[in-house]
Amino acid sequence: MGGRREAVDCREDLMSEKREVRVRVAPSPTGDPHVGTAYVALFDYVFARHCGGKFVLRIEDTDRARSTPESEEAILRALRWVGLEWDEGPDVGGPYGPYRQSERAEIYREHAFELVRRGHAYPCFCTPERLAELRAAQIKAKEDPSYDSLCRRLPPEEAERRAQAGECHVVRLNVPDEGETVVHDRLRGDVAFRNALIDDQILLKSDGFPTYHLANVVDDHLMRISHVIRAEEWLSSTPKHVLLYQGFGWELPEWLHLPLLRNPDGSKISKRKQPVSIDYYRDIGILPEALRNFLALMGWSFGGDREKFSTEEMIEAFSWDRVTLGAPVFDMEKLAWLNGAYIRDLSPAELLARLREWRLGDDFLLRLIPLVRERIRRLDEFVPATTFFFAGDLDYAEAPPLAPKNQTPAEAAKMLTAALEILDAERDMDADALDARLRTLADEKGWKARELFMMLRIAITGRTVSPPLFETLRAVGREITRRRLRQAAALLKGS
RNA sequence: GCCCCGUUCGUCCAGAGGUCAGGACACAAGAUUUUCAUUCUUGUAACAGGGGUUCGAUUCCCCUACGGGGUACCA
């Protein structure tokens, strides 16, 4: 591909459009800081800097059930660690705030009503039950499941009266039945979608909060976003966004959908198959500049044979023409090689400073000391007693057998997987909570708690002897702990 | 199922009609090194298939196959 791609430098773009370049990354605080967020943010950041534009961070926390302040905090911290500073955001402010969508609920509501007034949206009173039945019937009849636009045909007065009376409802996008909507993607050219196949998307949920589609479009417009850079998974919902912009009578932004990062098997990168948390890469000692360089290589090339380059150099050389649309597999081996190259470029003093920032600083060592103090008699026993706190993956071939004596490897793998789910849910790794939950788990499944705990101990430390289990897990860290459990479970399944 | 995107060595990229299809990771062999690592040299390895367009297609178009994404009162 590439033929259709306009070879326009954004600086010319700037001049011809007289529009300030403003980009944003818009993570949803519903989990761990995702490496995909860092990937998109890198391109946002680099493009903004290249053009002298602004990079905005916006928190999309409209999913009230799944969003948490802890997750938001972790995402901000992780993005900063990667080295991608934003010009405007919830923590630094800016002229177009607030930058947290939960604080903008009223704005979306007004805009939803405005769209209803303009005839591009309508209230819908259908119950979840009716929707489910409709869906089931459509699937049975081998039709595409989609809303049948029943409430679109409601007389406006009746809809108004019922809404006023407080009847539970949502607001849906009024998608034309005919014609097609064209999305202009800067990287792919025009992509056409038949309107008949676009669902009357819910814009405002019955809890009064907007869905992604409404909030995203309203904010991008209000925040003067000029280029919407996001992952490819959004491409198919972009026609809805085009319809929204048109419904409001707003100028369209430029869309650029970046390819999705992939697992080794080619599927969208996911925690079951590949560590996806930025914190994981930090904890195994990946340098942020190496991570940035590596992520840049996923879909962008410097030109010439340059593999290793600084973010500053990338900013200088950046061009959308050099973006690839293929599906890049996140290759840990190449990341490790690149990281090694960065480490070798550090002076001994700089490397020492990096090691201290990582885990060889006073803070971390001070956390370990209470755990091992009563277990050592000589200072020289400290390092051997704590090696697993300073490692990523463990070599289970060198460790005692993972599975309890009377348990099959398959059953042992199940035990580890079940424990993993508990750890996934227990974000702050509270020792008492973990203890209680794991004991309950063992009870329910008929496993011996001591066997479960011993297996966890071996999986996490590679030994049968260690400091107290939960204190150890906390110190090893959530990411490395989870990684080891997955590795151990995979090993058992394979044996 | 339907809609959309994609497809060059195992992996990440280069290649914008005529190249011995190039580099990097990984792998293999060799050199350097007391060892290991680093470094250097060399090697194995790819244009998914079929039709067009063209004097000539990896490159442009179409079809098929394969991969992926989407198809929620999640983002």
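Protein chains get the first letters and strands the later ones, always in sequence-line order, with residue 1 at the start of each.
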K.L.:
Among B:C5, B:G70, B:C2, which nucleotide sits nearest the side chain of A:L235?
P.N.:
B:C5

K.L.:
Are A:K205 and B:A72 close enough that a side-chain N or O sits under 4.0 Å from OP1 or OP2?
P.N.:
no

K.L.:
For a quick test of reading the model: is some side-chain N or O of A:S267 closer than 4.0 Å to OP1 or OP2 of B:G67?
P.N.:
no

K.L.:
NA contact type, A:C126, heavy-atom cut-off 4.0 Å: base, sugar-phosphate, or nothing?
P.N.:
base

K.L.:
When we call it a touch if two heavy atoms are under 4.0 Å apart, what does A:V191 touch: a base, just sugar-phosphate, or nothing?
P.N.:
sugar-phosphate

K.L.:
With both distances under 3.5 Å as the test, what is the Watson-Crick or G-U wobble partner of B:U34?
P.N.:
none

K.L.:
A:D305 has a side chain; which of B:G23, B:A75, B:C3 sits nearest to it?
P.N.:
B:G23

K.L.:
Would you kindly say whether A:Y108 and A:D219 are connected by a side-chain donor-acceptor distance under 3.5 Å?
P.N.:
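The answer is yes; a qualifying pair exists.
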
K.L.:
Have a look at A:P29 and say if it touches a base, only the backbone sugar-phosphate, or nothing, with a 4.0 Å heavy-atom cut-off.
P.N.:
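Touches nothing.
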
K.L.:
Looking across every strand, which nucleic acid part, if any, lies under 4.0 Å from A:W234 by heavy atom: base, sugar-phosphate, or nothing?
P.N.:
base

K.L.:
Over how many whole Å does the gap from A:R306 atom CZ to B:C13 atom C1' extend?
P.N.:
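The answer, rounded to whole Å, is 14 Å.
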
K.L.:
Is A:S146 touching bases, backbone alone, or none of the nucleic acid, heavy atoms closer than 4.0 Å?
P.N.:
nothing

K.L.:
Testing the basics here: between A:L214 and A:L203, what is the closest heavy-atom pair and its distance to 0.1 Å?
P.N.:
CB-O, 3.5 Å

K.L.:
Classify the side chain of A:E232 and the base of B:G6 as holding, or not holding, a donor-acceptor pair under 3.5 Å.
P.N.:
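Under the 3.5 Å cut-off, the side chain and the base do not form any donor-acceptor pair.
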
K.L.:
Checking contacts here: which listed nucleotide (B:C5, B:C12, B:A26) is nearest the side-chain heavy atoms of A:W337?
P.N.:
B:A26

K.L.:
Which part of the nucleic acid does A:I202 contact within heavy-atom distance under 4.0 Å: base, sugar-phosphate only, or nothing?
P.N.:
base

K.L.:
What is the distance, rounded to the nearest whole Å, between atom CD of A:E143 and atom P of B:C3?
P.N.:
15 Å

K.L.:
Quiz question: going by heavy-atom distance under 3.5 Å, is there a donor-acceptor pair between the base of B:A24 and the side chain of A:K334?
P.N.:
yes

K.L.:
Can you tell me the base-pairing partner of B:C25? Count Watson-Crick or G-U wobble geometry only, both distances below 3.5 Å, and say none if there is no partner.
P.N.:
B:G10

K.L.:
Which nucleotide sits closest to the side chain of A:R322: B:G70, B:A14, B:A75?
P.N.:
B:A14

K.L.:
How many whole angstroms separate atom CD1 of A:I198 from atom C1' of B:A72?
P.N.:
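Going from A:I198 (CD1) to B:A72 (C1'), I get 17 Å.
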
K.L.:
Using a heavy-atom cut-off of under 4.0 Å over every strand shown, decide if A:E307 touches base, sugar-phosphate, or nothing.
P.N.:
base

K.L.:
If pairing requires Watson-Crick or G-U wobble contacts with both distances under 3.5 Å, which nucleotide is the partner of B:C55?
P.N.:
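Paired with B:G18.
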
K.L.:
Please step through salt bridge (Lys or Arg N to Asp or Glu O under 4.0 Å) for the pair A:R427 and A:E70, ending with a clear verdict.
P.N.:
CA-CA 9 Å; A:R427 161 166 283 285; A:E70 295 75 39; over 6 Å; no

K.L.:
Need one value for A:A192: base, sugar-phosphate or nothing, where a base atom within 4.0 Å counts as base even if backbone is also close, heavy atoms only.
P.N.:
sugar-phosphate

K.L.:
Would you classify A:D144 as touching base, sugar-phosphate or nothing, given that sugar-phosphate means primed atoms plus P, OP1 and OP2, and contacts are heavy atoms under 4.0 Å?
P.N.:
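The residue A:D144 makes base contact.
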
K.L.:
Just checking A:P128: base, sugar-phosphate only, or nothing, at a heavy-atom cut-off of under 4.0 Å?
P.N.:
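Answer is base: heavy atoms of A:P128 come under 4.0 Å of a base.
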
K.L.:
Salt-bridged, A:E114 to A:R118, with N to O below 4.0 Å?
P.N.:
yes

K.L.:
Quick one: ring-ring contact (aromatic ring centres under 6.0 Å, His included) pairs with a partner in residues 145-171 of chain A, sequence neighbours left out?
P.N.:
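Found A:F125-A:H169.
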
K.L.:
Please determine whether any donor N or O and acceptor N or O are separated by less than 3.5 Å between the side chain of A:R188 and the base of B:C5.
P.N.:
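There is none.
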
K.L.:
Which nucleotide in the set B:C2, B:U11, B:A75 lies at the smallest distance from any side-chain heavy atom of A:D331?
P.N.:
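Nearest listed nucleotide: B:U11.
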
K.L.:
For A:S301 and B:A14, is the shortest distance between a side-chain N/O and OP1 or OP2 below 4.0 Å?
P.N.:
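For B:A14, OP1 or OP2 has a side-chain N or O of A:S301 closer than 4.0 Å.
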
K.L.:
Under 4.0 Å, heavy atoms only, any strand: does A:G299 hit a base, just the sugar-phosphate, or nothing?
P.N.:
sugar-phosphate

K.L.:
Using only side-chain N and O atoms of A:T324, determine if any of them is under 4.0 Å from OP1 or OP2 of B:A14.
P.N.:
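For B:A14, OP1 or OP2 has a side-chain N or O of A:T324 closer than 4.0 Å.
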
K.L.:
Here's a test of your reading of the structure: between A:T127 and A:K142, which maps to the more 5' nucleotide of RNA chain B?
P.N.:
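The 5'-side residue here is A:K142.
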
K.L.:
Heavy atoms only, 4.0 Å cut-off, all strands: where does A:R135 land among base, sugar-phosphate and nothing?
P.N.:
sugar-phosphate

K.L.:
Does B:C2 pair with anything, Watson-Crick or G-U wobble, both distances under 3.5 Å, and if so, with which nucleotide?
P.N.:
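The base-pairing partner of B:C2, which may sit in any strand shown, is B:G70.
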
K.L.:
Any base atoms under 4.0 Å from A:S206, or only sugar-phosphate, or nothing? Heavy atoms, all strands.
P.N.:
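Base: the residue A:S206, judged by heavy atoms under 4.0 Å, touches a nucleobase.
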
K.L.:
Can you tell me which nucleotide in B:U39, B:C73, B:C2 comes closest to the side chain of A:R344?
P.N.:
B:U39

K.L.:
What does A:R194 touch in the nucleic acid at a heavy-atom separation under 4.0 angstrom: a base, only the sugar-phosphate, or nothing?
P.N.:
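Answer is nothing: A:R194 stays at 4.0 Å or more from every strand.
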
K.L.:
Nearest to the A:R262 side chain among B:C3, B:C12, B:G68, which nucleotide is it?
P.N.:
B:G68

